[in-house]
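Below is one structure, written out as structure tokens, with a few remarks after it.
All values derive from a computational prediction rather than experimental measurement.
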Amino acid sequence: MSNSNVPKIRFPNFNEDWELKPLKDISLLTSGGTPNRKNKEYWNGTIPWITTSEIHFNVINKAREYISDLGLKNSSAKLFPKNTILIAMYGQGKTRGQCAILNIEAATNQACAGVIVHKDVDYLFIYHTLVKNYDKLRSLSNDGSQKNLSLGLLKTFHLAVPNDIAEQQKISSFFTLIDQKVKKQLEKIEQLELFKKGMMEKIFSQEIRFKDKYGKEFPEWETRRLSDFGSTYTGLSGKTKEDFGLGEANFVTYMNVFSNIRAKSDGVEQVDIGDGEKQNLVMKEDLLFTTSSETPEEVGMVSYWGNDEDNVYLNSFCFGYRLNDATVKALFLAYLLRSKEYRAKINLLAQGSTRYNLSKTELLKIEVKIPSVYEQQKIIDYLSILDEKIDKEVEKLVSLKELKNGFMQKMIF
């Protein structure tokens with residue numbers, strides 16, 4: 001065999017070339033099926049049921065749905081053993097081509113391929129190799145409008161495999177250890193986020209109150225409407241796809257607004273704004289809201305723009321809100337409107353059937369409870385400290401993932 005099939009980094013005492021093998025030669029591949037959704041007896045059982053939405057480079061220990069023995073027997077659904085590798089053959093966005101390891105016995109639908117690795121091959125090594133070759137796997141998709149994978153395509157997909165299972169196990173153990181560290185880091189972030197969420201509920205329900213530097217209580221909170229201290233403006237309008245990806249201006253993306261309580265300065269993309277073109281600039285201290293989405297839960301997510309940058313605009317699926325009252329702090333409002341109580345109020349304003357939209361007029365009618373500007377700052381300072389802790393842990397997570405990716409490029413072909 002050619003040395004081209006040998007990775008750059010190897011464990012000591014392993015010197016043999018790796019062999020390129022089609023997936024069908026090292027595993028049994030099959031797909032599942034879906035029991036009739038109308039028959040309740042099929043869906044009233046204890047057999048875990050896995051769909052592509054649960055496959056994202058992970059270990060699956062439990063399911064969201066369960067089927068019965070009757071449902072399994074009366075459909076093309078198949079029961080896969082523990083340690084089966086599942087591959088998403090269909091799916092929107094980046095789902096297609098992602099894989100997961102079954103840590104339980106479970107059934108799955110026709111959109112998932114089950115890879116039952118032969119006993120003389122380490123299944124964890126094959127899993128990590130499939131993770132590394134995610135982009136290559138996706139490139140096998142058919143040319144149809146759905147661009148799906150198929151069992152036929154997967155069976156002919158070649159992987160470079162050491163013939164010595166001991167080398168396979170050394171490599172898989174190394175990456176499993178990194179994955180465990182990634183999992184612990186994710187759990188740490190989730191715990192911090194849960195703690196922050198709980199504290200926000202207590203702060204904005206006034207279960208917890210801050211005091212001034214003399215230990216005295218701040219004044220009672222006032223109930224006011226958003227229209228009392230600010231006004232809205234629209235995002236980009238009249239633009240075509242030819243206007244994006246070039247130009248000297250930038251626009252804040254939808255995902256930047258949706259994902260971050262503080263919109264990130266690097267979460268912008270280029271847009272061409274013509275001379276004399278009337279578009280609304282985003283300014284420091286503005287609040288940005290998502291105005292349109294496929295689900296009501298995503299509508300009205302607010303983000304604070306704290307960046308002092310010129311020539312920045314807002315995407316067309318969001319709108320801006322600008323304060324005109326010095327007694328209200330924009331970042332305080334962002335935290336308030338991201339709290340559980342106010343998210344519920346905003347969700348009720350979402351209008352639509354297949355796509356949901358938020359009326360700026362209706363949003364401005366929302367009543368909010370506002371403390372003194374000094375207590376607002378106390379709240380901002382406290383929640384900002386929590387955000388900083390979360391950000392640091394996220395940075396550690398990113399570093400771990402980058403470390404894993406670097407080793408994968410050099411240890412797996």
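- To the nearest 0.5 Å, atom CG of residue Asn260 and atom CG of residue Asp387 are 10.0 Å apart.
- Aromatic pair Phe244/Phe251: ring centres closer than 6.0 Å.
- Ion pairing between Glu167 and Arg10 holds under the 4.0 Å rule for side-chain N and carboxylate O.
- Asn36 and Tyr42 are not linked by any side-chain donor-acceptor pair at a separation below 3.5 angstrom, with hydrogens and angles left out of the test.
- No side-chain donor from either of Glu341 and Ser339 sits under 3.5 Å from a side-chain acceptor of the other.
- Side chain to side chain, Gln377 and Asp381 meet the donor-acceptor criterion of an N or O pair below 3.5 Å.
- For the pair Arg64 and Trp49, the cation-pi criterion (under 6.0 Å, within 45° of the ring axis) is not fulfilled.
- Side-chain contact between Gln169 and Phe174: absent, with no pair of heavy atoms (C-beta onward) separated by less than 4.5 Å.
- Using a 4.0 Å cut-off between a side-chain N of Lys or Arg and a carboxylate O of Asp or Glu, Glu375 and Arg209 qualify as a salt bridge.
- Remark: the Tyr304 side chain and the Asp286 side chain contain no N/O donor-acceptor pair separated by less than 3.5 Å.
- A donor-acceptor pair shorter than 3.5 Å cannot be found between the side chains of Asn109 and Thr51.
- Checked by atom type, the side-chain pair Asn324/Ser231 shows no donor-acceptor distance below 3.5 Å.
- Note that OH of Tyr335 and OG of Ser384 are 3.5 Å apart. Values are rounded to the nearest 0.5 Å.
- Under the 4.0 Å criterion applied to side-chain N and carboxylate O atoms, Asp25 and Lys155 are not assigned as salt-bridge partners.
- Below 30°, between 30° and 60°, or above 60°: for Phe289 and Phe319 the angle between ring planes is below 30°, a parallel geometry.
- With salt bridges taken as basic N to acidic carboxylate O contacts below 4.0 Å, one links Asp325 and Arg224.
- Taken from OG in Ser292 to CD in Gln351, the straight-line distance is 12.5 Å, to the nearest 0.5 Å.
- Of the possible polar contacts, one joining the Asn58 side chain to the His56 backbone as a donor-acceptor pair under 3.5 Å is found.
- Put simply, CG on Leu288 and CZ on Phe258 are 14.5 Å apart, with the number rounded to the nearest 0.5 Å.
- Aromatic rings from Trp305 and Tyr313 are positioned such that their centres are separated by 6.0 Å or more.
- Salt bridge Lys239/Asp272: absent, no basic N to carboxylate O contact under 4.0 Å.
- For the atom pair OG1 of Thr290 and OH of Tyr356, the computed distance is 14.5 Å after rounding to the nearest 0.5 Å.
- A salt bridge links Glu362 with Lys365; the closest basic N to acidic carboxylate O contact falls under 4.0 Å.
- Side-chain atoms of Ser172 and Asp122 include a donor-acceptor pair closer than 3.5 Å.
- The residues Glu393 and Lys188 are annotated as salt-bridged, a charged nitrogen and a carboxylate oxygen being separated by less than 4.0 angstrom.
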